[in-house]
There are 2 protein chains.
Amino acid sequence: MEVKLPTFDSVFSIDCVIFGFEAGELKILLIERNEEPFKDWLALPGYIVSQDESIDDAAERILYELTGLRDLHMQQFHTFGEVKRHPQGRVITVAYYALIRINGQKELKPVTQYAKSAFWHPVNDLPKLAFDHSEIFNTGFNKIRRRLNYQPIAFELLPEKFTLTQLQSLYEAVLNKKLDKRNFRKKMLSYGFLKELDEKQKGVSYRAAKLYKFDRRKYAKIFQNELNLVQ
Amino acid sequence: MEVKLPTFDSVFSIDCVIFGFEAGELKILLIERNEEPFKDWLALPGYIVSQDESIDDAAERILYELTGLRDLHMQQFHTFGEVKRHPQGRVITVAYYALIRINGQKELKPVTQYAKSAFWHPVNDLPKLAFDHSEIFNTGFNKIRRRLNYQPIAFELLPEKFTLTQLQSLYEAVLNKKLDKRNFRKKMLSYGFLKELDEKQKGVSYRAAKLYKFDRRKYAKIFQNELNLVQ
DNA sequence: AATATAAGGTGTCGAAATTACACCACTAAA
DNA sequence: TTTAGTGGTGTAATTTCGACACCTTATATT
């Protein structure tokens with residue numbers, strides 16, 4: 001039996017591409033839809049913007065409702081406005097992305113009925129997604145690749161304390177290529193925004209590595225100058 | 001007497017930030033509005049997207065209707081979605097930019113009633129604009145500044161044949177700083193996408209400079225490779 | 001205790017790119 | 001013919017980038 005769905009004249013929506021890093025692998029956050037159209041399909045967390053909230057606020061709310069995650073720093077990266085992208089009517093969607101550390105403790109749990117579940121999925125080997133979400137994902141992934149070259153976005157994806165090897169394997173996962181260990185370390189340390197800690201890795205069955213922290217204040221200073229250089 | 005204006009529930013619009021270069025000065029395209037709200041104010045060319053057109057198509061159509069210009073390659077750069085940005089209701093606007101050569105012959109002439117006139121205005125010393133258009137302009141200007149560092153967008157702004165000094169003064173106008181003449185020439189020529197012509201400038205009261213052309217095919221080849229390097 | 005395993009950590013050299021910097025050449029107008 | 005104004009050019013010092021290999025340290029295994 002076919003169900004007649006309501007149609008939209010003109011609706012704004014938000015879709016979120018949320019990257020995480022776990023076990024040396026880059027992942028994104030997907031939901032299993034619990035609503036027509038595309039019921040039971042996998043999709044990016046996304047929903048409709050309300051009348052009385054800015055799109056930035058909507059992005060935060062929607063991600064929370066569908067996945068239980070909040071207080072990420074999301075940034076919009078592209079707006080998708082093809083006429084036929086949603087079967088029920090005209091929906092223009094603003095796509096946001098964020099990078100976060102996957103934290104085993106934090107449970108992913110939708111707080112609305114619109115999603116059955118939310119989970120992390122490796123970016124390699126993604127299944128077909130609902131709507132044009134595969135395209136949205138690709139656009140977002142290309143953007144963060146390019147951004148990684150001039151902004152230290154990688155630190156959002158790592159635990160607070162991390163080793164240089166972890167940092168390198170994250171870069172390698174995002175850029176999808178091997179990097180030279182000595183050159184990578186030299187370069188990262190030369191930026192001056194890594195703070196070496198008096199601590200070492202624990203619980204590994206080999207020589208433990210030094211832990212580092214990302215020093216936001218130093219980064220802010222350096223970045224200030226770089227903006228001047230660019231101009 | 002106060003006129004009661006219609007209100008919108010939910011509307012998409014497009015605003016265009018179009019850069020041109022003339023007489024050593026960077027300019028943008030403004031219109032004089034002929035409609036409430038902000039009647040008689042200066043604004044970016046912008047209007048509402050129809051139901052049955054993609055946002056990219058809408059951008060082309062709207063720019064044409066308000067200024068008479070068409071066939072530019074516009075790109076979206078940001079979407080503005082604050083709740084109160086339009087006094088009549090909820091309007092989310094996708095901002096596009098383009099860079100074009102200002103061509104004295106081409107008349108700027110609105111083909112709708114919504115604009116009284118369209119004209120070029122220097123980017124320094126912009127007046128206050130309608131809605132949040134000043135903010136939209138600033139965001140767009142910062143984007144092209146950054147883009148100038150890794151894409152040869154400057155060539156869109158110059159006449160087909162240009163001198164190296166003209167090219168340099170354009171870079172200086174966009175980046176807002178002086179550049180070294182010898183280093184600038186060395187670098188530009190080293191890219192290999194400038195074609196030296198057998199012609200010289202005419203009608204100047206000093207030594208005439210050689211003219212150059214931008215070689216798109218060579219650029220495409222080079223850029224192909226650069227993409228690989230980045231990744 | 002000895003050994004194997006696995007990652008941590010380090011330096012140098014050559015090539016390439018970037019910066020700083022100053023003077024003569026040419027053309028037209030006065 | 002002189003002057004004003006821009007066109008056009010090279011070199012040396014510095015910095016950055018990329019390639020490349022081996023010893024050290026910690027744990028687990030025998």
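Not measured: the values here are computed from a predicted model. In what follows, chains carry the letters A, B, and so on, assigned in the order in which the sequence lines appear, proteins first and then strands, with residues in each chain numbered from 1.
- Note: CZ (R182(A)) to P (dA7(C)) measures 17 Å, nearest angstrom.
- In this structure, K181(B) atom NZ and dC23(C) atom P are separated by 14 Å, rounded to whole Å.
- Nearest heavy-atom pair, I14(B) versus Y96(B), reported as atom, atom and distance to 0.1 Å: CD1-CE1, 3.7 Å.
- Between the base of dT18(C) and the side chain of K186(B) there is no donor-acceptor pair shorter than 3.5 Å.
- Note: CD (Q166(B)) to C1' (dG8(D)) measures 15 Å, nearest angstrom.
- Between the CG atom of N183(A) and the P atom of dT12(C) there is a distance of 14 Å, rounded to whole Å.
- Looking at heavy-atom distances under 4.0 Å, S190(B) makes no contact with the nucleic acid at all.
- Using a 4.0 Å heavy-atom criterion, one finds that T165(B) contacts the sugar-phosphate atoms exclusively.
- Taking only side-chain atoms of K200(A), from C-beta outward, the nucleotide of dA26(D), dT10(C), dT9(D) with the closest atom is dA26(D).
- Relative ring orientation between F214(A) and Y219(A) is described as tilted, the plane-to-plane angle lying within the 30° to 60° band.
- Ring planes of F193(B) and F155(B): perpendicular class, angle over 60° (limits at 30 and 60°).
- In this structure, K116(A) places its NZ atom where more than 12 heavy-atom neighbours from other residues, nucleotides or ligands lie under 6.0 Å away.
- Using a 4.0 Å cut-off between charged nitrogen and carboxylate oxygen, E156(A) and R216(A) count as a salt-bridge pair.
- Counting to the nearest Å, the P atom of dG10(D) and the CG atom of D180(B) are 15 Å from each other.
- To the nearest angstrom, C1' of dG8(D) lies 11 Å from CD of E196(B).
- Straight-line distance from the NZ atom of K202(A) to the P atom of dT27(D): 11 Å, rounded to whole Å.
- Residue K210(A) is in sugar-phosphate contact alone, with no base atom involved, counting any heavy-atom pair closer than 4.0 Å across all strands shown.
- R207(A) has no side-chain polar atom (N or O) that falls below the 4.0 Å cut-off from OP1 or OP2 of dT27(D).
- A straight line from OH of Y206(A) to C1' of dT5(C) spans 12 Å, rounded to a whole angstrom.
- In this model, the phosphate group of dT27(C) is not approached by any side-chain N or O of S205(B) to a distance below 4.0 Å at OP1 or OP2.
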